[in-house]
> 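Quick one: the structure is below, questions incoming.
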There are 2 protein chains.
Amino acid sequence: MTNSLNRRALRREETREKILRAAVRIFAELGFEAASMGSIAARADLKKALVQYHFETKLNLWQEAVNFLWSELHTLEDGLPRLSDFSSHDDEREILRQVLRAIIRFAKSHPDWVGIMFREASSPGPRLDWLVENHLKRDIEDGTAFIATAQSHGLLPEGPPLQILNIISGALTYPLLVAPLTKRATGINMASDESLDATVDILLNMLKP
Amino acid sequence: MTNSLNRRALRREETREKILRAAVRIFAELGFEAASMGSIAARADLKKALVQYHFETKLNLWQEAVNFLWSELHTLEDGLPRLSDFSSHDDEREILRQVLRAIIRFAKSHPDWVGIMFREASSPGPRLDWLVENHLKRDIEDGTAFIATAQSHGLLPEGPPLQILNIISGALTYPLLVAPLTKRATGINMASDESLDATVDILLNMLKP
DNA sequence: AATTTGACAATACGATCGCATAGTGAAACG
DNA sequence: CGTTTCACTATGCGATCGTATTGTCAAATT
């Protein structure tokens with residue numbers, strides 16, 4: 001493999017990633033139907049036909065964009081602390097706080113993820129099926145497993161892990177999702193770091209004994 | 001006003017309501033951009049031009065549909081119990097449970113409301129501005145006032161009422177919103193009455209002292 | 001009974017959608 | 001250096017979008 005051989009492949013990869021980043025944003029903002037190949041190309045400052053060239057169909061572009069987004073999510077997961085890493089009860093509670101904070105921070109820095117999640121998860125269809133099979137099934141399993149572990153350590157209240165997971169997920173992501181609304185209605189920016197940390201603290205305070 | 005005078009006016013009102021019900025569903029399912037005048041007309045089993053005749057533009061139809069939806073919401077609010085109606089502490093806690101259950105029940109029976117809320121609240125724009133000014137501002141004020149009252153009665157943990165409101169709202173509506181996803185991934189129907197009541201109970205248990 | 005009103009339909013307009021096809025020109029290869 | 005590969009562009013197709021215009025016919029008015 002010479003140096004010049006990489007020139008084209010490198011440029012190709014750059015272009016593809018540029019398109020994917022634009023696609024993730026547009027899909028998250030507008031939803032699948034309302035997003036257009038043209039608007040995605042415009043966001044990436046490229047021609048529409050180029051997007052079509054690299055990703056063929058709109059559905060395929062959506063899938064690749066989702067894969068791209070989830071790959072970033074998994075890099076976060078690798079950095080999360082684990083409950084098994086610590087022993088004392090105080091440390092475990094602190095780990096729970098760190099995990100919740102990491103989740104809400106990721107959600108803040110990736111509003112696209114929240115947007116795509118909420119838009120696709122709420123109505124049945126082929127895209128939800130694909131999303132469940134390729135990403136969400138595993139995510140839910142990991143999530144419920146974490147909840148169950150935390151419960152067995154006495155960190156979370158009793159109850160079906162799946163329900164606890166949904167309650168916590170909603171409590172964490174909802175304030176962030178409706179931040180534009182809250183900002184508009186009250187002038188308060190709920191997406192600030194202070195607000196988000198406060199949200200975690202309030203929630204953790206609820207979850208205590 | 002004769003009998004025959006009402007014939008046309010009545011039919012007009014029937015047609016308008018038929019269109020509005022269809023519009024609410026379509027807008028909630030697809031979002032504003034993806035929803036089309038044609039699909040709304042088809043859902044109402046009417047011609048596209050008739051929809052245009054009654055509501056002029058798509059934006060105007062959306063606003064009227066939202067007004068129609070909120071008018072149903074307000075009939076629910078009128079039936080809600082109030083904290084000031086009871087005196088003993090046990091009764092107050094029971095009222096809180098009833099209020100939360102009424103909210104989640106309404107959300108279940110009006111998925112369109114949840115859909116429109118989540119779709120419009122998450123991204124800034126002229127429609128969000130309109131929604132805030134005409135409905136949400138008042139809703140948020142009422143909500144935070146209720147939270148503050150419940151806090152003063154020792155029913156909810158301390159903290160900014162707006163944040164508590166968002167946390168509770170998210171914890172209640174999220175499980176319902178992602179019910180299609182949960183159903184697909186685990187086979188469990190989180191939108192069942194039992195699951196929803198359990199969600200309220202779990203949440204209330206968290207909110208206790 | 002003659003006339004006006006208004007709920008509704010038929011049709012067309014320009015714009016934009018996803019997608020397909022035919023090039024173009026520089027980088028990679030033998 | 002001649003040839004092939006391929007990232008990228010130009011152009012156009014049929015379908016559908018929101019909207020405007022005009023016509024129709026029964027109900028309401030005078």
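Chain A is the first sequence line, chain B the second, and so forth, proteins listed ahead of strands; every chain is numbered from 1.
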> Expressed as a whole number of angstroms, how long is the span from B/L10:CG to D/dA26:P?
20 Å
> Salt-bridge test for A/R105 and A/D197: reply yes if a basic N is under 4.0 Å from a carboxylate O, no otherwise.
yes
> Heavy atoms within less than 4.0 Å of DNA chain C: which residues of residues 47-66 of chain B have one? Give them sorted by number.
B/K47, B/A49, B/L50, B/Y53, B/H54
> Would you kindly give the CD-to-P distance between A/E33 and D/dT16, to the nearest whole Å?
13 Å
> Measure from CD1 on B/I40 to P on D/dT16 and round the result to the nearest Å.
17 Å
> Mind running a 4.0 Å heavy-atom check of residues 12-22 of chain B against DNA chain C and sending the residues that fall below it, in number order?
B/R12, B/T15
> Suppose we screen for side-chain contact (heavy atoms from CB on, under 4.5 Å). Which residues come up paired with A/D129, at least two apart in sequence or across chains?
B/R184
> Using atom CE of B/M37 as one end and atom P of C/dA9 as the other, report the distance to the nearest whole Å.
14 Å
> Among residues at least two apart in sequence or on other chains, which ones pass side chain to side chain donor-acceptor pair (under 3.5 Å) with A/Q151?
none
> Are B/R11 and D/dA27 close enough that a side-chain N or O sits under 4.0 Å from OP1 or OP2?
no
> Please list every donor-acceptor pair under 3.5 Å in which a side-chain atom of residues 131-142 of chain B meets a protein atom from a residue at least two apart or in another chain.
unit_1 : atom_1 : unit_2 : atom_2 : d
B/N134 : ND2    : B/W130 : O      : 2.7
B/H135 : NE2    : B/N67  : OD1    : 2.8
B/D139 : OD2    : B/W70  : NE1    : 2.7

> Under the side chain to side chain donor-acceptor pair (under 3.5 Å) rule, what pairs show up with a residue in residues 164-173 of chain B, not counting sequence neighbours?
none
> Hey, does B/A41 reach any base, or is it just sugar-phosphate, or nothing, if we go heavy atoms under 4.0 Å?
nothing
> Please list all pairs meeting side chain to side chain donor-acceptor pair (under 3.5 Å) that have one or both residues in residues 110-121 of chain B, counting only residues at least two apart or in different chains.
B/E72-B/H110, B/E120-B/R127
> Report each atom pair, protein N/O against N/O of nucleotides 22-24 of chain D, whose distance is under 3.5 angstrom.
none

> I'd like to check the side chain to side chain donor-acceptor pair (under 3.5 Å) partners of B/S195; sequence neighbours left out, ordered by chain and number.
B/S192
> Between atom CG in B/L46 and atom P in C/dC8, what is the gap in whole Å?
8 Å
> List in chain and number order the residues that pass side chain to side chain donor-acceptor pair (under 3.5 Å) with A/K18, two or more places apart in sequence or in another chain; answer none if no residue qualifies.
none
> Over 60° means perpendicular and under 30° means parallel, so classify the ring planes of A/F118 and B/Y174, tilted if in between.
perpendicular
> Given C/dA7, C/dG18, C/dA26, which nucleotide is nearest the side-chain atoms of A/R8?
C/dA26
> With sequence neighbours left out, write down each residue that passes side chain to side chain donor-acceptor pair (under 3.5 Å) with A/S36, or none if nothing qualifies.
A/S39
> Tell me the side chain to side chain donor-acceptor pair (under 3.5 Å) pairs involving residues 40-62 of chain B, sequence neighbours left out?
B/E29-B/R43
